[in-house]
Q: 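I am attaching a structure below and will ask some questions about it afterwards.
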Number of protein chains: 2
Amino acid sequence: MTHQTVGYPARPGLPDDPRANVAEPTPSCPVEIALAALHGRWTTLVIREFLRGDRTFTELRQALPALSDKVLSDRLAHLTEAGVLERRRQPGWPPRVHYALTPHGRRLGPVLQALWDWGVQHRPPVTG
Amino acid sequence: MTHQTVGYPARPGLPDDPRANVAEPTPSCPVEIALAALHGRWTTLVIREFLRGDRTFTELRQALPALSDKVLSDRLAHLTEAGVLERRRQPGWPPRVHYALTPHGRRLGPVLQALWDWGVQHRPPVTG
DNA sequence: CTGAATCCCTGCCGATACTG
DNA sequence: CAGTATCGGCAGGGATTCAG
């Protein structure tokens, strides 16, 4: 366990990668990268919408009515910047912008599933 | 795909659970629960330490020197509250407090692995 | 030794109003 | 239609100090 230097580790990241040993939060840590992509209120709900299919700005607004234009815009920009979404302006009038998950964004499915599964098993500490 | 109402769904949560359809952020959503547990700077690094074994307050401080006492204390309280850690006062002097992952906390291993795996595959948008 | 209390500073989120 | 600009409130996080 302490001397694993040969071959491929079963767990493909943690033990051997130097980023698994950082002593403080750093943006190059893969876990931080992933959490940064999911960061912010509404972000996971927006991603959920896209896991169900492509969406335009207006469709998202209808699906998440309590989400303000500004924050929705922020989230879309953030997710696009993070490589999760791809943005495509629809030609014609009225202007429509089409968003869809990139291949990388689609791989967030299992990540959210892992989070979901853990949360489902969660039992609030103790009532008595 | 659209009519699955029989038996056990392959994916154990998302399609049928009403919490998968919430229209705004809510603490009862399993994904929110999980992200709430991981929330806050330093939190995942603290969990990483515990995935390697039990720790005392001082041992954590040594492992993460740039983490202030207050925030470390906050994180330990938060993770204990979230059912991730278990706290045990060591008898004797000097007072020591021993922390360890609960079974539920140990199940965060796969979750962090999923986040890691996604982050590892991340390529910053484009350089050119 | 292991925290709790306090203070300040920063960054997020929401609401509103405005532009191509 | 799809955003940007601006402002205010509030919570998070760090440093320091104090307590059991």
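Labels below follow one simple rule: chain letters A, B, ... track the order of the sequence lines, proteins then strands, and each chain is numbered from 1. Just so it is clear, the model here is predicted, and its values are computed rather than measured.
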Q: List in numerical order all residues of residues 61-74 of chain A for which some heavy atom is under 4.0 Å away from an atom belonging to DNA chain D.
A: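 The stretch gives A/Lys70, A/Ser73 as the residues lying under 4.0 Å from the strand, ordered by number.
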Q: Which heavy atom of B/Leu79 sits nearest to which heavy atom of B/Val46, and what is that distance?
A: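 That closest heavy-atom pairing would be CD1-CG1, 3.9 Å.
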Q: So where does chain A start and stop touching DNA chain D, 5' to 3', when the test is distance under 4.0 Å to a non-hydrogen atom?
A: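 The contact span of chain A on DNA chain D goes from D/dC1 to D/dT6.
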Q: Considering non-hydrogen atoms only, spot the tightest contact between A/Thr56 and A/Arg96 and give its length.
A: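 Closest pair (atom of A/Thr56, atom of A/Arg96, distance): OG1-NH1, 4.4 Å.
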Q: Where is the tightest heavy-atom contact between B/Pro27 and B/Ile33, given as atom of each residue plus distance?
A: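 B/Pro27 and B/Ile33 have their closest heavy atoms at O-CG1, 3.2 Å.
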Q: Going by salt bridge (charged side-chain N to carboxylate O under 4.0 Å, His left out), name the residues that satisfy it together with B/Arg55, two or more places apart in sequence or in a different chain.
A: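 Applying salt bridge (charged side-chain N to carboxylate O under 4.0 Å, His left out) to B/Arg55 gives B/Glu49.
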Q: If you compare every side-chain N and O of A/Trp42 against the phosphate oxygens of C/dC12 (OP1, OP2), does one of them come in below 4.0 Å?
A: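 A/Trp42 to C/dC12 OP1/OP2: no side-chain N or O under 4.0 Å.
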Q: Hydrogens and angles aside, do A/Gln121 and A/Asp117 bring a side-chain donor and acceptor to less than 3.5 Å of each other?
A: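 No - no donor-acceptor pair under 3.5 Å links their side chains.
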Q: Side chains of B/Arg48 and B/Leu45: closer than 4.5 Å at any heavy-atom pair?
A: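 Heavy-atom side-chain distance check passes, below 4.5 Å.
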Q: Are the side chains of B/Leu112 and B/Leu51 in touch, meaning some heavy atoms are under 4.5 Å apart?
A: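 The answer is yes; the side chains approach within 4.5 Å.
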Q: Applying ring pair (Phe, Tyr, Trp, His ring centres under 6.0 Å), which residue pairs with at least one partner in residues 53-110 of chain A are found, sequence neighbours left out?
A: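 Those involving residues 53-110 of chain A are A/His104-B/Trp118, A/His104-B/His122.
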Q: Would you mind classifying the nucleic acid contact of B/Arg89 as base, sugar-phosphate or nothing, using non-hydrogen atoms under 4.0 angstrom?
A: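 No contact.
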Q: Strictly under 3.5 Å: I want the nitrogen or oxygen pairs between protein and nucleotides 18-20 of chain C, one per line.
A:
none

Q: Which whole-number value in Å describes the distance from B/His39 NE2 to C/dC12 P?
A: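 Rounding to the nearest Å, NE2 of B/His39 and P of C/dC12 are 11 Å apart.
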Q: Can you list every pair that meets side chain to side chain donor-acceptor pair (under 3.5 Å) and has a residue in residues 62-75 of chain A, with sequence neighbours left out?
A: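 For residues 62-75 of chain A: A/Thr43-A/Arg75, A/Arg61-A/Asp69.
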Q: Provide, to the nearest angstrom, the distance between the CZ atom belonging to A/Arg75 and the C1' atom belonging to C/dC13.
A: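 Going from CZ in A/Arg75 over to C1' in C/dC13 covers 8 Å.
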Q: Tell me the closest heavy-atom pair linking B/Asp17 and B/Asn21, and the distance in Å.
A: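 Minimum heavy-atom separation between B/Asp17 and B/Asn21: O-ND2, 4.0 Å.
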